[in-house]
Number of protein chains: 2
Amino acid sequence: MNPEAIQRSFDGSGLRCTPQRYAVMAFLLEHNRHPTAAEIFEAVNRVDPRSSRATTYNNLRDLVKAGLVREVAIEGRAARFDAKGMQHHHFICDRCGNVEDIKWYDVPRPGPGSLGKRVLRECELIFRGLCTKCAPRRASR
Amino acid sequence: MNPEAIQRSFDGSGLRCTPQRYAVMAFLLEHNRHPTAAEIFEAVNRVDPRSSRATTYNNLRDLVKAGLVREVAIEGRAARFDAKGMQHHHFICDRCGNVEDIKWYDVPRPGPGSLGKRVLRECELIFRGLCTKCAPRRASR
DNA sequence: ACTGGTTTTTAGATTATGTCTAATGTGAGA
DNA sequence: TCTCACATTAGACATAATCTAAAAACCAGT
Ligand SMILES: [Mn+2]
Ligand SMILES: [Mn+2]
Ligand SMILES: [Zn+2]
Ligand SMILES: [Zn+2]
């Protein structure tokens, strides 16, 4: 995704394209590692312009609200973030907490009977287990 | 689920049946509201015996590790817990964060190609949107 | 360029949630 | 009943995230 595309995605959501906000989005787009807010904060501050901690959190929240970024909550750990590019599922490692992308495939939705008057926005499929790094030493902990 | 059944489930997991641990499990079994740790702590302390905050957290962790309780992480809010009885999916409300049970149905697993050397333990299907209480006033916030 | 209003950034305090420590207590098998 | 590995406790501590209030950046209209 090029700079102009980021610009346009911000425009489409009514978000100003500030250097700090741009840096967060650009970082997420060029690293599909699902970083935490703290990691993003550190990364965007390795280069100018500097951004404060509060701004990093603010921008992540705005980008999530705008639907450009996804937040992944993980039990007992800091939330992780990724840019919403192509659809995919997530694998979360029981041991190290890492989040990895899994090739997307269609998920059957629940029958309307079981949803009642609820308004469904999205289905999220999460796989859990041990990642490639943790699977070998599976006995520990 | 009767007291003896709780006893037996503890025995099967090598967990002692202490009053505090029993109270946590019993509370989860008779309320399918997905309470937070703080709510559980408060609830079990409305009746004797008293339990400390640390113990409530310890027991919840032990019960999750033993596979008797499930922990549901929610972005920006405290984790919620439920007793693992019959299989079901979860609906999480975007607005109020409430977690509700959805009738279970089978979920197709990913092809082995997309999992690589990862060890799959479980698939979790989460629905997001607005709950029955929040759907009407959907415009706000 | 100036003005006024809006959005954004900022440092630091504050809250919320959960974990750890070290001393004390106890369930359940021998 | 004795015993000890397991469990509980109060309170300190850690971590993640939000809030606050003031300053800065930005934008549209003149
Ligand atoms: Mn991802
Ligand atoms: Mn449930
Ligand atoms: Zn791992
Ligand atoms: Zn709701």
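Lettering follows sequence order; numbering is per chain, from 1. Hydrogens, waters and symmetry mates play no part in the numbers below; they use all other heavy atoms, side chains included.
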Expressed in angstrom and rounded to an integer, what is the separation of [X] atom [atom1] from [N] atom [atom2]?
| X | N | atom1 | atom2 | result |
| --- | --- | --- | --- | --- |
| Ile74(A) | dT17(C) | CD1 | C1' | 16 Å |
| Tyr22(A) | dT8(C) | OH | C1' | 19 Å |
| Glu75(B) | dT18(D) | CD | P | 11 Å |
| Asn59(B) | dA7(D) | CG | P | 8 Å |
| Asp62(A) | dT6(C) | CG | C1' | 14 Å |
| Leu60(B) | dA7(D) | CG | C1' | 15 Å |
| Lys65(A) | dT18(D) | NZ | P | 11 Å |

(message) Could you work out, with side chain to side chain contact (heavy atoms under 4.5 Å, CB included) as the rule, every residue matching Arg8(A), not counting sequence neighbours?
(response) Asn2(A), Glu4(A), Ala5(A)

[N] phosphate, OP1 or OP2, under 4.0 Å from [X] side-chain N/O:
| X | N | result |
| --- | --- | --- |
| Gln20(B) | dT9(D) | yes |
| Thr55(A) | dT10(C) | yes |
| Ser51(A) | dT10(C) | yes |

Please examine the side chains of [Y] and [X], heavy atoms only from C-beta on, and report whether any two atoms are closer than 4.5 Å.
| X | Y | value |
| --- | --- | --- |
| Val24(B) | Phe41(B) | no |
| Leu28(A) | Leu68(A) | no |
| Ile92(A) | Val72(A) | yes |
| Glu100(B) | Cys131(B) | yes |
| Asp101(B) | His90(B) | yes |
| Asn59(B) | Met25(B) | no |

(request) Summarise how protein sits on nucleotides 18-30 of chain C as a single string, 5' to 3': B when a protein heavy atom is under 4.0 Å from the base, S for sugar-phosphate-only contact, - for no contact. (result) BBB-----BBS--

(request) Would you list the pairs meeting salt bridge (Lys or Arg N to Asp or Glu O under 4.0 Å) in which at least one residue belongs to residues 104-116 of chain A, sequence neighbours left out? (result) none

(request) Linking directly or through intermediates, with side-chain heavy atoms under 4.5 Å: list the remaining ILVMFWY members grouped with Trp104(A), chain and number order. (result) none

(request) Compute both the distance and the angle, then confirm whether Arg118(A) meets the cation-pi test with Phe127(B): under 6.0 Å from the six-membered ring centre, within 45 degrees of the axis. (result)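 Checked: cation-pi criterion not met.
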
(message) Using C1' atoms of five pairs at each end, report the bend of the helix from dA1(C)-dT30(D) to dA30(C)-dT1(D) rounded to 10 degrees.
(response) 30°

Dump every N/O contact between nucleotides 1-3 of chain D and the protein below 3.5 Å, one line per pair.
none

(message) Tell me whether Arg70(B) is salt-bridged to Glu122(B), with the criterion being a basic N under 4.0 Å from an acidic carboxylate O.
(response)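 Salt bridge: no.
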
